[in-house]
Amino acid sequence: MNQLPKAESITHQHILCVINTLIIQKNTKDTIRILDAGCGNGKLIAYLHICLHLLHSDKIFHISGYDVQDHGVQSEGFLVEAVNRLSTMIPAVNWAERINTIQTIDQWTFVTKKYDFIISNQVLEHVYDKDLFFSNISSNLIDGGHSVHLAPLKHVVHEGHIFLPWAHRIRNFSSLYGYIRFMSSIGFGKFRKHQKETGCSLNEYSERHADYIYFWTNYSSEAETIDFARRNGMRADFRFSFEFFTSKIRQILKIKRRNIYKPREYGFIDAILVKQLRYLSSVTLVCTKKNTY
Ligand SMILES: C[S@@+](CC[C@H](N)C(=O)[O-])C[C@H]1O[C@@H](n2cnc3c(N)ncnc32)[C@H](O)[C@@H]1O
């Protein structure tokens, strides 16, 4: 097998490992359909396309994505840029056909055939209507298919967008603004760096970032997240959360990367570990569309 390209982010490498593990564990079809929900700049799609074809030269991977156009996280035209980037990196595929745009309240009418895997990376904490999100996933997964979501839960201490502890726990706008302003004024978070780059004032920075957290994030707890999947007909657990954590440590210690994790049916140990890991980093939610009763 050829050497896999280096992942731009440890999150991409982790999602590849999870998908690869599940494919090897099931050892099923020749053509595998994957959808990246909230695909953003398309880099994860490109990485998965290249790596999965290298890892499984006997299989065909149809990887596509969609994102929402009415959410404030991304700047205008980001999906056009994603299509252009993908077309430059992998010209053999018609990416304009594979990257779809919808509104946040829409059903996934762009789907023509169900998926074996639906993935998302750092998306769940931004989704407002999670019932709709998981109902779309459940309706568009094949029976026995999996969805894999890497995202922080409400429990996490470090808010990864503005780099301030517990910022996402503050629901009252004025308190949030005051907290960001105070913490930034004493040197925490990204204000100093931001100010150097853009020249913005402390008030401007605090107001904009309070708006970001207030309007564009929506963290859920571990129990709420499981409930969204369950209500929409999917089994859910936090399998592979520990592996994400260890992958980060391996990266820091410069230990050789993995392409596969230890396969397993149940995430019992993970369920215990996630009770601690959820405070430290993103967790990996694995949903399975299966119900025997
Ligand atoms: C932090 S970005 C992550 C983008 C990409 N997955 C990545 O890893 O670079 C969060 C993404 O979630 C998307 N998003 C927000 N609400 C969504 C929803 N209801 N359905 C799908 N994507 C959504 C945003 O548009 C944005 O692209």
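In each ligand, atom 1 is the first atom listed, and ligand 1 is the first ligand listed.
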Result of checking M234, R239, R235 against V286 for side-chain contact (heavy atoms from CB on, under 4.5 Å): R239
Sorted by chain and residue number, the residues having a heavy atom closer than 4.0 Å to an atom of ligand 1 are G38, C39, G40, Y66, D67, V68, H71, Q74, T104, N121, Q122, V123, H126, V127, F133
Measure from the ring center of H149 to the ring center of F134 and say whether it is less than 6.0 Å. yes
Can you list every pair that meets side-chain hydrogen bond (donor to acceptor under 3.5 Å, both in side chains) and has a residue in residues 81-93, with sequence neighbours left out? none
F244 and S282: which non-hydrogen atoms are nearest, and at how many Å? CD2-O, 3.6 Å
By side-chain contact (heavy atoms from CB on, under 4.5 Å), V156 pairs with (sequence neighbours left out) P152, H168, Y219
Among residues at least two apart in sequence or on other chains, which ones pass ring pair (Phe, Tyr, Trp, His ring centres under 6.0 Å) with F245? none
